[in-house]
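Have a look at the structure below, then the notes.
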Amino acid sequence: MNEQPAAPEGVTSIEHVWIPMPDGVRLSARIWMPAGIAPEGVPAIFEYIPYRKADMVRARDERNHPWFAAHGYVCLRVDMRGSGDSEGAMPDMYTQAELDDARHVIEWIAAQDWCNGRVGMFGTSWGGTASLQASIDCPDALKAVIAVCSTHDRYEDDIHHKGGGLLTDTFEWGATLPAILALPPTPASGEDWYGRWQDRLEMLESPLETWVREEARGTYWRHGSIKHQTDRIGCPVLSVGGWSDRYSNSVMSLVDARPDKVWGIVGPWGHHYPDQGHPGPAIGFQQVALEWWDQWLRPGPGDAAWPKLRVWLREFDVPQDVLDMRNGGWIESGPPSKEATVTTLNLGRGGALADTPEDGGGGWEVPANLLHGLASGDTGYFGRYGGLPLRQNEDDSRSLVFETGPLDEDTVLYGSAEVELAVEADVERSQLSLRLNDVSPEGTSARVALSIRNLALDDGLDEPDAPQGPGPRRVRTRFHTSAYRFKAGHRIRLSVGSSYWPLVWTPPRLGGVRILSGHLALPVLDTVPHALSAPFPGPLGMATTNDVHVLAAPVLRRGCETKADGTVVVGWHQPPVATLYGDIGTTFSFETAAEHSIQPEDPVSATTAITHRMEVRRPDGTAQIESHLQVHCTANTYHLATSLDVVWKDKVLARRNWMASVKRRLG
């Protein structure tokens, strides 16, 4: 049972403070002040996100900020411009204005009487990525950051694309983000809140069209991706991830790129702060973070004695939608590239993965099957309940399979596996989906890693200067980083398919794809991994006086059915989740549903429909937002239709519609 801490003594909460930006826009912050601030001030830490400090993530804020404040830090939660109680507009994610604002917030904090000039920044998801971005050429006052479930590569490791394949998650986010931004500011931010809300609704934009149009890596996605500028990281970074989260790839990658500046933790959980980690075991994030802040924000910090990298070494779990606890255990190490050696397994006759290269006997055809991917589960980005990859055997039957014999000894994958193939494709915009699976002695196939590759792109995922053409070519693609023990007696399986619906949007046409030869390179640990030198603390509960009440939290429901006409429909529905914040008399609720359909023989029959609803019920009235998104596609064009209704006190305040037809050039 989680420890339930007492209420933070002497901590004062200030609901709203304005932080001015140089262009005149004001950002709204909530501040928690510790007791007994010294005349010279104390260190400060802040979180910077668009997720409404007043209500949307108020419960999460109450777990973190008052606790840090009770330990001597001024803590701030800042709404990004165009969101929550802040002024301005948000036309897209990670705009230059957003990145600049973060630096101005740091400078503002450092200049306050209650701050001693030492600032830390942290966050999860968007907030974690914002923290990573702020570490590049950071202001002198920023002494350290903690980036949880963050991405260092906006193209390959974010919510929108994977290997040049368009993720259907981008449509869900395209429906959700405008709904979040359309919710009203609160009266706590000033009597003019209603007028500022109307101004925001008039400026509200949908960035979905841009996300779909930017098919290759390019300048758009490089902006804000610190993968391309790790040499400019200017302060210590604690990068935290979870293997069930799509963003976990950044941790090992950043530790490898900057072992002098980056420390890493990767647990078994999904897109959550680690104290709420699921699948478990969760850890005490607040205690770990406090140790980090004390190390870098207190005067005269010494050398960091932390292990460079601590990860949950996964082992085989029977695949299922929901797991409460993962098999495996914690280990610690130095940078992964220094720890592992590469083992090469070659594609061979009879579907073998073998140490010795051999003639493939003319190559192998990749099955053209649009239902390959039905066992995919979620990407993990949204941290939804369940959605883990299911038993992979059915998807294996829809793909080209290579595998080892039963392993003589345990094999520990540690880092990023790579596949190199000689490929011949009849259609330039063909897609490859590769899965690295663990097959138990009983024959159950469990997914370890996934890679997608749009063959219209080069190995850097940039659009080539000239068309690739239908002839043979070499293709190199990487899986995301992993720490996984294949046990003795198990088999390593590489499965190759030609699509991965409904996780990834279908290619425009299924043509012949032939693999002529290839190999799988596995970074493997030669020695037994070290257990943790010290265990992680356990997670804390809510403070005893916290006034947060969960009114409804029904379990998300998933389904898959085949209609009478052969159409396959995959969908899920999160019924309304409602939370009451008693201290401000406000109830926040949300509901989401998604449906993906396809005719199994027709790649351009794919459709996606998303519905997202949000409601804020507060003493001065109730705001309701409803967003709908419909997507379908031809071989050459995406068709996007988004509608947004804003209701205040049962009257429609605004209606927005965004229609777009986006040419498919690459996928």
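The residues of the chain are indexed from 1 along the displayed sequence.
- Expressed to the nearest 0.5 Å, how far CG of L540 lies from CZ of R63 amounts to 10.0 Å.
- Closest of all the heavy-atom pairs between R391 and G443 is NH2-O, 4.5 Å.
- Using a 4.5 Å heavy-atom threshold, the side chains of D355 and L345 count as touching.
- Checked by atom type, the side-chain pair D321/Y385 shows no donor-acceptor distance below 3.5 Å.
- Note that the CZ atom of R447 and the CG atom of D438 stand 13.5 Å from one another [nearest 0.5 Å].
- Judged by distance alone, the side chains of Q599 and T567 do bring a donor and an acceptor atom under 3.5 Å apart.
- Residues L503 and G377 come closest through the heavy atom pair CD1-O, 3.2 Å.
- For the pair D378 (side chain) and G387 (backbone), a donor-acceptor distance under 3.5 Å is absent.
- The list of ring-ring contact (aromatic ring centres under 6.0 Å, His included) pairs with a residue in residues 396-455, not counting sequence neighbours, reads W364-F402.
- Pairing each heavy atom of L413 with each of A417, the nearest pair is CD1-CB, 4.3 Å.
- Between W501 and H372, the gap from one ring centroid to the other reaches at least 6.0 Å.
- Using a distance-only test at 3.5 Å, with no hydrogens or angles considered, a donor-acceptor pair links the side chain of S498 to the main chain of P367.
- For the residue pair S533 and E332, a side-chain donor N or O sits within less than 3.5 Å of a side-chain acceptor on the partner.
- A donor-acceptor contact closer than 3.5 angstrom is absent between the side chains of S225 and H152.
- Aromatic pair W211/H161: centroids not less than 6.0 angstrom apart.
- Listed by chain and residue number, E315, D410 satisfy the salt bridge (charged side-chain N to carboxylate O under 4.0 Å, His left out) test with R485 (two or more places apart in sequence, or in another chain).
- The shortest non-hydrogen separation linking P279 to R326 is CB-CG, 3.9 Å.
- Interatomic distance, L525 CG to I331 CD1, rounded to the nearest 0.5 Å: 6.0 Å.
- Remark: side-chain polar atoms of N346 are paired, donor with acceptor, to backbone N or O of A354 under 3.5 angstrom.
- For the side-chain contact (heavy atoms from CB on, under 4.5 Å) with S597, the qualifying choice from V570, V568, V569 is V569, the only one to do so.
- Aromatic pair W269/H278: centroids not less than 6.0 angstrom apart.
- For the pair E215 and R429, the salt-bridge criterion is not met [side-chain N within less than 4.0 Å of a carboxylate O].
- Within 6.0 Å of atom CD in E601, 12 or fewer heavy atoms from other residues, nucleotides or ligands are found, so the atom counts as exposed in its surroundings.
- Within the structure, every pair that satisfies the salt bridge (charged side-chain N to carboxylate O under 4.0 Å, His left out) test and touches residues 495-522, not counting sequence neighbours, is listed here: E365-R514.
- E291 and W306 share a side-chain donor-acceptor pair at under 3.5 Å.
- The aromatic rings of Y273 and F122 are tilted relative to each other, their planes meeting at an angle between 30° and 60°.
- Checking side-chain atoms of R222 against main-chain N and O of H228 turns up no donor-acceptor pair under 3.5 Å.
- Considering CG of L520 and CD of E418, their distance stands at 9.5 Å, rounded to 0.5 Å.
- At distances below 3.5 Å, at least one donor-acceptor pair connects side-chain atoms of W243 with backbone N or O atoms of W312.
- Ring to ring, W263 and W292 are close: their centroids are under 6.0 angstrom apart.
- Atom-to-atom distance recorded for W505:CH2 and I452:CD1 is 15.0 Å, nearest 0.5 angstrom.
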Salt bridge (charged side-chain N to carboxylate O under 4.0 Å, His left out) evaluation trace for D458 with R473: CA-CA 10 Å; D458 60 22; R473 53 180 288 215; over 6 Å; no

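- Listed by first then second residue, pairs satisfying side chain to side chain donor-acceptor pair (under 3.5 Å) with a partner in residues 519-531 read T341-D526, not counting sequence neighbours.
- No donor-acceptor pair closer than 3.5 Å links the side chain of Q229 to the backbone N or O of K227.
- Atoms CG and CD1, on L238 and I146 in that order, are 5.5 Å from each other to the nearest 0.5 Å.
- No donor-acceptor pair closer than 3.5 Å links the side chain of Q574 to the backbone N or O of T592.
- With D395 contributing its side chain and G373 its backbone, the two residues share a donor-acceptor pair below 3.5 Å.
- In this structure, a donor-acceptor pair under 3.5 Å is absent between the side chains of E442 and T444.
- Considering every non-hydrogen atom in both R246 and L167, the closest pair reads NE-CD1, 3.5 Å.
- Of the N and O atoms on the side chains of S399 and R435, at least one donor lies less than 3.5 Å from an acceptor on the other residue.
- Taking the six-membered ring for Trp and the full ring otherwise, the centers of F382 and H271 sit at least 6.0 Å from each other.
- Every residue two or more places apart in sequence or in another chain that forms a salt bridge (charged side-chain N to carboxylate O under 4.0 Å, His left out) with D459 is listed here: R453, R476.
- By the salt bridge (charged side-chain N to carboxylate O under 4.0 Å, His left out) test, R310 is found to be paired with no residue, residues two or more places apart in sequence or in another chain being considered.
- In this structure, Y155 has its ring center no closer than 6.0 Å to that of H160.
- Across all their heavy atoms, D396 and S445 have their closest contact at OD2-OG, 2.8 Å.
- A cation-pi geometry, defined here as NZ or CZ lying under 6.0 Å from the six-membered ring centre and within 45° of its normal, does not hold between R557 and W572.
- T151 and D157 share no side-chain donor-acceptor pair at under 3.5 Å.
- Within the 3.5 Å criterion, the main-chain N or O of L461 finds no donor-acceptor partner in the side chain of R217.
- Between the side chains of T608 and T168, no donor-acceptor pair of N or O atoms lies under 3.5 Å.
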